[in-house]
2 protein chains.
Amino acid sequence: MARLPEYLRALHNLAESGHETVSSEGLSAAAGVNSAKLRKDLSHLGSYGTRGVGYDVALLIEQIEFVLGLTQRRAVALVGVGNLGHALAGYDGFASRGFRIAALLDADPSRVGEEINGLVVRHVDDLPTVAAEESLAIGVIATPAAAAQQVADQLVAVGVTSILNFAPCVLSVPEGVDVRKVDLAIELQILSFHEHRKASLTALPATGGSALTALPGGFATTDTQEAIGT
Amino acid sequence: MARLPEYLRALHNLAESGHETVSSEGLSAAAGVNSAKLRKDLSHLGSYGTRGVGYDVALLIEQIEFVLGLTQRRAVALVGVGNLGHALAGYDGFASRGFRIAALLDADPSRVGEEINGLVVRHVDDLPTVAAEESLAIGVIATPAAAAQQVADQLVAVGVTSILNFAPCVLSVPEGVDVRKVDLAIELQILSFHEHRKASLTALPATGGSALTALPGGFATTDTQEAIGT
DNA sequence: CCGTGTGAATGCATTCACAGCG
DNA sequence: CGCTGTGAATGCATTCACACGG
């Protein structure tokens with residue numbers, strides 16, 4: 001599940017706080033989910049908790065890291081060192097959570113040679129060479145949308161089978177290649193939708209809403225956390 | 001739905017390519033979804049397509065932008081101008097898709113006064129002043145995790161009801177406040193999981209898999225696009 | 001007695017298949 | 001004749017409630 005990494009982060013926090021054990025209630029609160037959901041997720045791992053006590057934090061961390069394949073530190077190639085690429089190259093969260101940025105690449109010759117965070121930017125056409133040196137597991141695309149598809153093709157060509165795409169476009173990839181997309185503007189637009197909905201609701205407190213101006217109320221928006229604690 | 005922004009982006013692309021009309025088949029391909037899903041989504045909008053022809057691109061753009069509340073350009077406050085914050089401050093995608101960065105804020109006094117992309121960084125304690133000047137719709141948190149909750153509280157205090165959180169932590173907010181979270185490391189970990197799964201599958205081609213080393217195969221990972229076209 | 005693990009129930013999203021309109 | 005809009009069917013995630021183990 002996509003929630004395992006969230007549990008993992010919460011568990012690391014708990015471990016640092018000195019907790020050796022945690023209940024489903026406690027962990028679910030720290031991860032921002034329902035406790036029943038957490039128990040079901042963990043049961044899918046075949047994981048062992050102790051009834052009457054809870055889960056062993058260290059053991060659970062080990063289990064989840066194994067399932068996520070984090071026992072080995074995976075090499076990441078980052079393509080596109082513009083605005084966003086720069087930030088990603090300097091982002092500590094990658095290194096601290098099991099990943100190693102193995103190469104920075106860009107198509108712009110004027111950017112090649114620049115040093116960022118101890119790594120020298122290479123030309124994207126060097127990708128085959130880079131792949132030969134390192135065992136690349138994941139490619140991150142932080143280029144403009146117009147270049148993204150070509151970069152994806154190049155990544156696939158050198159054997160990368162997992163891509164994180166920050167460019168606002170859909171990528172075509174062969175079967176067996178996984179693509180995850182992060183579009184910052186889309187996140188804002190989803191929030192905008194909620195703002196709009198909230199605004200129209202408070203504007204028409206008593207009215208049932210005319211058919212013309214009525215907004216569809218029952219929209220499901222994945223992943224939105226609303227009203228946790230106070 | 002969370003897919004509407006994706007449709008919107010695809011529609012804008014189509015409009016620029018000179019298309020005046022598009023079939024559900026065509027649009028769904030451009031947005032990377034099933035055509036039946038797209039039709040159902042659009043029918044929830046009460047939107048009008050023409051049978052035998054398709055959807056009017058311009059009209060559909062208008063409809064979706066209305067539902068998403070993009071008819072007004074919303075003001076965004078960005079808190080935390082570190083690595084990621086810098087990148088976000090310079091990201092064109094915000095401006096070009098209906099948002100305006102109204103203020104840059106940081107808790108670090110040494111960062112206050114710095115000018116980024118035509119905006120001067122102000123201290124986060126000035127938030128009430130900023131909120132008085134501008135009608136803030138959305139707050140973006142790009143601070144370290146340790147500071148995120150406090151920033152969220154400050155945003156909520158000045159009336160912000162939508163938050164985009166880049167810090168790797170769960171935020172507690174009162175009811176009525178929407179939070180969306182983007183955790184870049186989590187995205188990589190999900191890809192890592194897929195890598196791990198793929199690796200174990202190809203490593204044990206014939207075996208059914210022993211009970212001990214078996215990986216749970218049937219995990220659902222939201223939002224992953226796999227194998228679109230070739 | 002507390003808390004895990006899990007069957008059962010519920011609700012929702014996705015998909016299929018096709019009726020009906022332009 | 002093509003394509004939309006939609007009932008029906010399917011499958012999955014979430015939630016509830018509780019039996020059972022430490």
Side-chain angles (χ1 to χ4, degrees), chain A residues 1-7 10-11 14 19-57 59-60 63-64 67 190 193 211 216-228, chain B residues 1-7 10-11 14 19-57 59-60 63-64 67 190 193 211 216-228:
Chain A
M1 301 261 182
R3 284 185 296 268
L4 289 181
E6 193 71 39
Y7 300 157
L11 283 166
L14 288 168
H19 294 74
E20 299 202 347
T21 181
V22 65
S23 71
S24 67
E25 203 67 45
L27 181 53
S28 67
V33 301
N34 186 299
S35 72
K37 199 188 302 196
L38 178 127
R39 285 202 301 280
K40 181 137 290 190
D41 286 348
L42 294 189
S43 77
H44 283 341
L45 295 184
S47 180
Y48 304 174
T50 315
R51 307 194 184 212
V53 180
Y55 299 93
D56 181 291
V57 172
L59 179 65
L60 201 49
Q63 290 266 344
I64 294 181
V67 172
I190 294 173
F193 164 69
F219 262 124
T221 49
T222 337
D223 255 346
T224 312
Q225 108 179 34
E226 182 159 359
I228 290 192
Chain B
M1 302 261 183
R3 284 186 297 267
L4 288 181
E6 193 70 40
Y7 300 158
L11 282 166
L14 288 168
H19 294 73
E20 299 203 344
T21 180
V22 65
S23 71
S24 67
E25 203 67 45
L27 181 54
S28 67
V33 300
N34 186 299
S35 72
K37 200 189 301 195
L38 178 126
R39 284 202 301 279
K40 182 138 291 192
D41 287 346
L42 295 189
S43 77
H44 283 340
L45 296 184
S47 178
Y48 305 175
T50 315
R51 308 196 183 210
V53 180
Y55 299 93
D56 182 290
V57 172
L59 179 65
L60 201 48
Q63 290 266 343
I64 293 182
V67 172
I190 294 173
F193 165 69
F219 262 124
T221 47
T222 337
D223 254 346
T224 311
Q225 109 179 31
E226 183 160 357
I228 291 192

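Chain naming here is simple, since letters A, B, ... match the order of the sequence lines and numbering starts at 1 in each. Below, each value reflects all heavy atoms present in this structure, side chains not excepted, and no hydrogens, waters or symmetry copies.
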- Message: In this structure, how many angstroms lie between the P atom of C:dT6 and the NE2 atom of A:H44, rounded?
- Response: 10 Å
- Task: Measure from CG on B:L27 to P on D:dG2 and round the result to the nearest Å.
- Result: 20 Å
- Query: In whole angstrom, what separates B:E25's CD from C:dT15's P?
  - Reply: 13 Å
- Find which nucleotide of DNA chain C each of A:L42 and B:N34 is nearest to by heavy atoms, and output the residue with the more 5' nucleotide. A:L42
- Message: Expressed as a whole number of angstroms, how long is the span from B:D56:CG to C:dG22:P?
- Response: 16 Å
- CG of A:L4 to CZ of B:F193: how many Å apart, nearest 0.5 Å? 7.5 Å
- Task: Can you measure from CD (A:E6) to CG (A:L11) and round to the nearest 0.5 angstrom?
- Result: 10.5 Å
Atom pairs under 3.5 Å: protein N/O with N/O of nucleotides 1-3 of chain C:
| unit_1 | atom_1 | unit_2 | atom_2 | d |
| --- | --- | --- | --- | --- |
| C:dG3 | O4' | A:G52 | N | 3.1 |

- Query: Taking atom P of D:dG22 as reference, at what distance in whole Å does atom OH of A:Y48 sit?
  - Reply: 12 Å
- Query: Looking across every strand, which nucleic acid part, if any, lies under 4.0 Å from A:S47 by heavy atom: base, sugar-phosphate, or nothing?
  - Reply: sugar-phosphate
- A:T21 side chain vs A:D56 backbone, donor-acceptor pair below 3.5 Å: no
- Query: Separation of B:D41 atom CG from C:dT15 atom C1', in whole Å?
  - Reply: 12 Å
- Query: A:S35 near the nucleic acid: base, sugar-phosphate alone, or nothing, with a heavy-atom cut-off under 4.0 Å?
  - Reply: nothing
- Item | Interatomic distance where CZ belongs to A:R3 and P belongs to D:dC12 [whole Å] | 15 Å
- Task: Show your reasoning for whether side chain to side chain contact (heavy atoms under 4.5 Å, CB included) applies to B:V33 and B:D41.
- Result: CA-CA 11 Å; B:V33 300; B:D41 287 346; over 6 Å; no
- Task: To the nearest 0.5 angstrom, please state how far the CE atom of B:M1 sits from the CG atom of B:L42.
- Result: 10.5 Å
- Query: Quick one: A:K40 NZ to C:dG7 P, roughly how many Å, whole number?
  - Reply: 8 Å
- Excluding sequence neighbours, so at least two apart, what forms salt bridge (Lys or Arg N to Asp or Glu O under 4.0 Å) with A:R39? none
- Query: Could you state the interatomic distance from OH (A:Y55) to CG (A:L38), rounded to the nearest 0.5 Å?
  - Reply: 6.0 Å
